[in-house]
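A short write-up of the structure that comes next.
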Amino acid sequence: MHKRTKIKIAIFVLLVGMACMFTAVVTDHWAVLSPKVEKVNETCEAAHFGLWRLCKKYIYISSEYYDEGHGCGPISLPGDENCTYFRHFTPGQDAEIFEYKTQKEYNISAAAISIFSLAFMILGSLCVVGSCTGTGKKRDYLLKPAGMFFAFAGLCAFISLEVMRQSVKRMIESEETIWIEYYYGWSFACACTGFVLLFLCGIALLFLSMPQMPRNPWETCMDAEPEQVE
């Protein structure tokens, strides 16, 4: 396969990764939490949240969906929903969310790191656009920082995922928690997909933009014929 074709494929996959990561950042289905349901034919309160917003959903549990010892839900059941934004950067607040103290530091960290990921994606995109509009050595040169920026965006996405995972784990393990069940939602899955695609294809783009390797063992990289990306 020609080098130009490989670069086009890598850029296309990177676009998919960016779309997944952007979707994850702006949506609020990273984690779903459920309290224990004590009785049938009663309303329970489940919650799902992301980096910026918490949504509580009041679900009526009929006998059809009641399972003793299990949590409220599934979250897809109809019910009234109330969403509020986290006040991440408001100083002096000792917010209480989910009826007990939230791990606010975790949410601030995950949100801030996701912003860095978006910033690296923008920088990488600008380099790719510059590479497409440039000619000769400029085209080859801009692909190298583009690959690095996309790889850094993937790493930031991974750190944000791990911070969110630790946040959920700490909330569930808290002695004051009311939640007995949790699972990660489709926003979390989008972030995982974005991490894998951005990191791997960023590294691939970086290697594809490197000079041609020597064909013979006695040659050096400087002796090898330059390979221009047309």
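Only this structure's heavy atoms are used, side chains among them; waters, hydrogens and symmetry mates stay out.
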Are [X] and [Y] joined in one hydrophobic group, where the rule is that I, L, V, M, F, W and Y side chains link up if heavy atoms are under 4.5 Å apart?
X: L15; Y: F199; answer: yes
X: I122; Y: V129; answer: no
X: M121; Y: I115; answer: yes
X: L118; Y: L198; answer: yes

Kindly check if the number of other-residue, nucleotide or ligand heavy atoms within 6.0 Å of [atom1] ([X]) is above 12?
X: M18; atom1: CE; value: yes
X: F152; atom1: CZ; value: no
X: F12; atom1: CZ; value: no

Answer whether the closest heavy-atom distance between the side chains of [X] and [Y] falls below 4.5 Å.
X: T27; Y: W186; answer: yes
X: D28; Y: F49; answer: no
X: F150; Y: S125; answer: yes
X: L14; Y: L205; answer: yes
X: I11; Y: V128; answer: yes
X: E45; Y: K57; answer: no
X: F158; Y: V196; answer: no
X: L155; Y: F120; answer: no

Between [X] and [Y], what is the shortest heavy-atom contact and its length?
X: G154; Y: F195; answer: O-CD1, 3.0 Å
X: V163; Y: S109; answer: CG1-CB, 4.0 Å
X: V25; Y: W52; answer: O-NE1, 2.9 Å
X: C190; Y: T23; answer: SG-CG2, 4.3 Å
X: S160; Y: L51; answer: OG-CD2, 4.2 Å
X: I113; Y: C156; answer: CG2-O, 3.1 Å

How long is the straight-line distance from [atom2] of [Y] back to [atom1] of [X], given to the nearest 0.5 Å?
X: I7; Y: S131; atom1: CD1; atom2: OG; answer: 7.5 Å
X: C127; Y: K144; atom1: SG; atom2: NZ; answer: 11.5 Å
X: L33; Y: K56; atom1: CG; atom2: NZ; answer: 11.0 Å
X: S114; Y: F116; atom1: OG; atom2: CZ; answer: 10.0 Å
X: H29; Y: R53; atom1: NE2; atom2: CZ; answer: 8.5 Å

*Between L161 and W30, is a side-chain contact (heavy atoms from CB on, under 4.5 Å) present by the stated rule, with each step listed?*
CA-CA 9 Å; L161 284 163; W30 284 62; 3.8 Å; yes
_Tell me whether the rings of Y184 and Y182 are parallel (<30°), tilted (30 to 60°) or perpendicular (>60°)._
perpendicular
*Keeping the roles fixed (side chain from S187, backbone from A24), state whether a donor-acceptor pair exists under 3.5 Å.*
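Not at all, since once roles are kept as given, no pair shorter than 3.5 Å links the two residues.
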_Determine whether a donor-acceptor pair (N or O, by modelled atom type, separation under 3.5 Å) exists between the side chain of H48 and the backbone of G185._
no
*Would L208 and L143 count as a side-chain contact (heavy atoms from CB on, under 4.5 Å) if you check the C-alpha gap in whole Å, the side-chain angles of each, and the deciding distance to 0.1 Å?*
CA-CA 9 Å; L208 288 171; L143 287 176; over 6 Å; no
